[in-house]
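This one's a predicted model, so the numbers in the text were calculated from it and none came from an experiment. Letters go in sequence order (proteins before strands), and every chain restarts at 1.
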Amino acid sequence: MAADEFTQRYDAALAGRIEERWQASWMERDLFRVPNPGDPGFDASKPKFYVLDMFPYPSGAGLHVGHPEGYTATDIVARYKSAKGFNVLHPMGWDAFGLPAEQYAVQTGVHPAVTTKSAIDAFRRQLQRLGFRYDWSREFGTIDPEYVRWTQWIWLRAYGSYYDERSGRARPIAELEAEWDAQNPSVEVPSSPGGAAHSSHQWSACAPWQRQAALDMRRLAYLGRQTVNWCPKLGTVLANEEVIDGLSERGGHPVLRLPLRQWMFRITAYAQRLLDDLALVEWPDSTKTMQAEWIGRSEGAEIHFDLEGFGPLTVFTTRPDTLFGATYMVVAPEHPIVAAIAARESTGAVATYAAWARNRSDIDRQAARGEKTGVALGIFAVNPVNGERIPVWTADYVLMGYGTGAIMAVPAHDERDFEFAQQFSLPIRQVVAAPDGSAWSGDRAMSGDGIACNSSHRECSLDGLVQAEAAARIVAWLEDKGLGRRLVNFKLRDWLFSRQRYWGEPFPVVFDETGMHHPVTEAALPVTLPELVDYAPVESDRPVPPLGKAHEWVNTTAGEAGVDSRLLPPGAKVRRETNTMPGWAGSCWYYLRYCDPQNPSRFASREAESYWMGDRGVDLYIGGSEHAVLHLLYARFWHKLLFDLGEVGTKEPFAKLFHQGMITSFAFERADGSLVPSTDAVEEAGTWREQATGATLTRVIAKMSKSLKNVVTPEEVIAEYGADTLRLYEMAMGPLAESKPWNTRDITGVFRFLQRVWRLALDERTGELLLARVADPDVERHLTRAIHKVGHDIERLAFNTAISALIEAVNAATRPTQMKDSAAGGFTRDQLGRFLRALAPFAPHIAEELWSRLGETQSISLAAWPEVDLSLLEDESVEMPVQIQGKVRTRVRVPALATPAEVERIVLADPKVLEQLGGREPKKVIVVPKRMVNLIAE
RNA sequence: GCCGGCGUGGCGGAACUGGCAGACGCGAUGGACUCAAAAUCCAUUGGGGCUCACACCUCGUGCAGGUUCGAUUCCUGUCGCCGGCACCA
């Protein structure tokens, strides 16, 4: 039999032809374009479904097989929901500002826009080859000027707002300014421009720069001071993990920790709402927990101690009940009091320690955790509750960024304080007794709950109270005396939003000659990046962002920059902000732009936004768990800000979130632990050997990486099997949420399944349809069950078991090779049509092809989901396992609708059961309808 | 250290709310078809035992206990792997 007889065999070449043809056809017919309310063709009677992928950063390396995993999952859901009668919004776009393109530009001088564009084109081509039903008419990149316009606009809205604690929401800062104009309050302002020291002034008596500073202290986007890791040699700010022992990880250059004026977001104002509203969303518990821990709410009290010679020193503590046990205090090395002491001491010990501690990176501090360092400041504080004088120390285990940067140390009941006290021989006083009354051993801190002891004086006694009661009583006493108050603290810090980079959104703000900042008007947006010849960082002791090199762009006039003439005369000289926004900016709101991506007058029309976002936001959002905290928290923050300002209608952006697992790959290790490229490993009789040497290898599971030579690309797989097989394999591998290893060998399973589907429908030699004339009841039952299960499984994102069900249906219908009579076995026309509609979300091309060969003229992606006759799901009788003494001994067939009593009667009459019972009387009979019977005998 | 998740055949995995462990796929073995091979189709495939018999017995979901008529599922302890956080007062 000649091979070319099988001209209609479903092989990689045919799959490829089918796929590319349908992809072109879908595109040509604009099949996946979804109209907005008001557009022609919009059907308002349908419910909406918004299913979103975390959009990719298009790198030059292109896609690997991990990328399409989540995209395939959302595509299946999108196709299914569409078939179920929803208006489905399923868009794709590009997170396109970022460091790799900038670094490439530094090396080659090629503008990042050029490399980014080609990377986007490659990504789009690769994604389109997988047949996703994205509405490509909604595509955009975060670098598009029209998108940047609205990113800058949102930033301006934050800049122009403050958080009103009384109403618990953001409001225009102009309202606060008007209020201050009317009431002329006393405000805290710096004594000199940019200075750190503050003093109180009447609002009306403030100079303009002081007014601006006072308002900056309330703005949601504000200019703040943040200590950064500046590397003069590299000319860049480094993340903590890029600094090792005070040197840059890259190059080993010295790194300075210095304070920098940077744009910040007052995300801390939203801490409580970001925490509370986690209850509104359907997200993985692990992700909610991570966000909650990141926000880090803790309840406690602030307590004012009197520092002899310096006035009050306020601390935050979660254990006010242990106040009587405070035997010393500690302030962070960066605390202002430390600098004051250092300035007047004679030995220099404090100054030396503070300088040493300041230049230790956060990472170094963490690495040396446990070994406590510190010096005594030589001054004393007075414990407000008992008037006791206790020494004040500075130590780097106290962090300036949390609470007030100062603590009261209670070594008996805090592990860190205990270690420190032991190291420096400071007194330790027990003020909490174990709940069971046992004595404290004193060899480690007792930090748990207990009964207060040694905690009383004339006015206030905590002795005998449990922690919560003791805390409440002491706080009440402190509040009464004006010595402290109840306080909730958060770990969450304000968000540093400036980057000393080129390839990011410019800030729409300029500085006048006095150093005051002024916003660019909305009409002048977007502020676009200037062209640069040289993108390299500037080597300097003082941070100079790359944009500083664009002198003409930076130094301009208020009119040129688009500043409102009521703020500055058009001819006034101004300097543009040279920092840019971080990569997060574009990803904070892209899901909103998809609702109405071409809108020239608003980020999205109110109508489109309220239709697609609905009551709860994006209906399904799928992406990696690596974004569990930052991206998702930042996006929620922007969304809440927009909600407060009346720009969006939902409290939360993403109703349901799901993280796909990572696709790993096998890697091969020699006995000495060195790695061998996967391509050089061969399997012989169950063991793996290196092809060249024959040495035994150990197979391990690892991330895909170039160095391990275990990267698999979609192209390779498509070339060998086609896109439908790739999609199907990725979904069949296992649960979407789990990480799972790519196993090239297993792909053949789903490929063979598609071949069987193909053969079931038509003759491989002639291409003629092969349809059963009458429906086999057994096949019908399998098919009905499969369709029912597939729908159910897609709803719960269990694609692997949905595919199993499809395979079972096909296996039930598959006719033996020899059976040439198409009347026996196989699907009828109607059955095949229903099967294809259930297959289409997973393998849309082959489903479309066979659908059209059935004579259908409309695309299968416009067809409705097949109805299921639920009565066929139930058999008339069911086989129930019978357990005797908890072990399955036999099975008995009973009518499906039999009552438990009837089942019991049938079972007890069964000869096999009687034999097993051996004459014993069942003491108890448990019948679980349709499940099983359990007989308990003596 | 703390928090979360996961441990099931040779391999990937299935088992809805505590009710027949191993669906489906890979691999393997045997068979049909073929001159032969590939492809395809059929059958078998957790370990052990027993048998003429796929009648049956027994062990088995990381390990050790517990709750229950019944546990992969719930509880306690423990080991291993993965992810996150990490001096946050």
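- Under the side chain to side chain contact (heavy atoms under 4.5 Å, CB included) test applied with A:Ser665, the options A:Thr744, A:Asn743, A:Asn710 reduce to a single match, A:Asn710.
- Using P as the reference atom, B:rG4 and B:rC74 are 15 Å apart when rounded to the nearest Å.
- B:rG46 and B:rG60 have their C1' atoms separated by 8 Å, with the value rounded to a whole Å.
- Between A:Leu736 atom CG and B:rA14 atom P the separation is 12 Å, expressed in whole Å.
- Straight-line distance between the C1' atoms of B:rC85 and B:rG12: roughly 31 Å, to the nearest whole Å.
- A donor-acceptor contact shorter than 3.5 Å is absent between the side chain of A:Arg796 and the backbone of A:Ile794.
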Could you go through nucleotides 68-70 of chain B and list every protein N or O atom that sits under 3.5 Å from one of its N or O atoms, giving the distance for each pair?
| residue | atom | partner | partner atom | Å |
| --- | --- | --- | --- | --- |
| B:rC69 | O2 | A:Asn934 | ND2 | 2.3 |

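- A side-chain donor-acceptor contact under 3.5 Å links A:Tyr353 to the backbone of A:Thr373.
- Contact annotation: A:Arg889 reaches the phosphate of B:rU58 (side-chain N/O to OP1 or OP2, under 4.0 Å).
- Taking a cutoff of 4.0 Å between a charged side-chain nitrogen and a carboxylate oxygen, A:Asp763 and A:Arg765 qualify as a salt bridge.
- The CD-P distance, from A:Glu808 to B:rA23, rounds to 10 Å in whole Å.
- In this structure, A:Arg745 does not reach the B:rG12 phosphate: none of its side-chain N or O atoms is under 4.0 Å from OP1 or OP2.
- With B:rA89, B:rC87, B:rU40 as the candidates, the nucleotide lying closest to the side chain of A:Thr318 is B:rA89.
- For A:Thr784, the side chain to side chain donor-acceptor pair (under 3.5 Å) partners two or more places apart in sequence, or in a different chain, are A:Glu780.
- Although no hydrogens or angles enter the test, the distance criterion places a donor-acceptor pair under 3.5 Å between the side chain of A:Asn383 and the main chain of A:Leu323.
- With both ends at atom C1', the span from B:rC79 to B:rG70 equals 28 Å, rounded to whole Å.
- Side-chain proximity of A:Ile807 to the nucleotides B:rA89, B:rC87, B:rC24 is greatest for B:rC24.
- Atoms CZ (A:Arg891) and C1' (B:rG19) sit 13 Å apart, rounded to a whole Å.
- Proximity of A:Asp910 to A:Val882: side-chain heavy atoms (C-beta onward) are nowhere separated by under 4.5 Å.
- Taking atom CG on A:Asn743 and atom P on B:rG25, their separation rounds to 16 Å, with Å as the unit.
- In this structure, A:Phe799 atom CZ and B:rA23 atom C1' are separated by 19 Å, rounded to whole Å.
- A donor atom on one side chain and an acceptor atom on the other are not found under 3.5 Å apart for A:Asn489 and A:Ser298.
- Relative to the six-membered ring of A:Tyr397, A:Lys372 meets both conditions, a distance below 6.0 Å and an angle of at most 45° to the axis.
- Nucleotide B:rG13 holds its P atom 14 Å from the CH2 atom of A:Trp742, rounded to whole Å.
- Atom pair A:His782:NE2 and B:rA23:C1' shows a separation of 11 Å (rounding to whole Å applied).
- Within 4.0 Å of A:Asn811, counting heavy atoms only, lie sugar-phosphate atoms of the nucleic acid but no base atom.
- Taking atom OH of residue A:Tyr721 and atom P of nucleotide B:rC26, one finds them 11 Å apart after rounding to whole Å.
- One P atom belongs to B:rA38, the other to B:rG30, and the distance between them is 12 Å to the nearest Å.
- When the C1' atom is compared between B:rG5 and B:rC41, the two are found 43 Å apart, to the nearest whole Å.
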Under the side chain to side chain contact (heavy atoms under 4.5 Å, CB included) criterion, do A:Ile663 and A:Glu730 qualify, and how do the steps go? CA-CA 9 Å; A:Ile663 292 185; A:Glu730 296 217 358; 3.7 Å; yes
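- A residue-by-residue look at A:Thr890 and A:Met880 shows that A:Met880 has its nearest nucleotide of RNA chain B further toward the 5' end.
- The side-chain heavy atoms of A:Val925 and A:Val933, taken from C-beta on, include a pair separated by under 4.5 Å.
- Between B:rA64 and B:rA71, the distance separating the two C1' atoms is 16 Å to the nearest Å.
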Fill in the dot-bracket string of RNA chain B, one character per base: . for unpaired, | for a pair to another strand, ( ) or [ ] for pairs within the strand, taking Watson-Crick or G-U pairs under 3.5 Å. (((((((..(((......[....)))((((((.......))))))((((......))))..(((((..]....))))))))))))....
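- Between A:Phe316 and A:Lys789, the residue whose closest nucleotide on RNA chain B is further toward the 5' end is A:Lys789.
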Test A:Phe424 against A:Tyr328 for side chain to side chain contact (heavy atoms under 4.5 Å, CB included), laying out the working first. CA-CA 11 Å; A:Phe424 294 100; A:Tyr328 63 101; over 6 Å; no
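- Here A:Pro735 lies in heavy-atom contact (under 4.0 Å) with sugar-phosphate atoms only.
- B:rG27 and B:rG49 have their C1' atoms separated by 27 Å, with the value rounded to a whole Å.
- Anti is the classification of B:rG60, since its glycosidic angle lies more than 90° from 0.
- Regarding contacts with the backbone of B:rG12, every side-chain N or O of A:Asn800 stays at 4.0 angstrom or more from both OP1 and OP2.
- A sub-4.0 Å separation between OP1 or OP2 of B:rA39 and a side-chain N or O of A:Arg752 is absent.
- Between A:Ser298 and B:rA89, a side-chain N or O to OP1/OP2 separation shorter than 4.0 Å is present.
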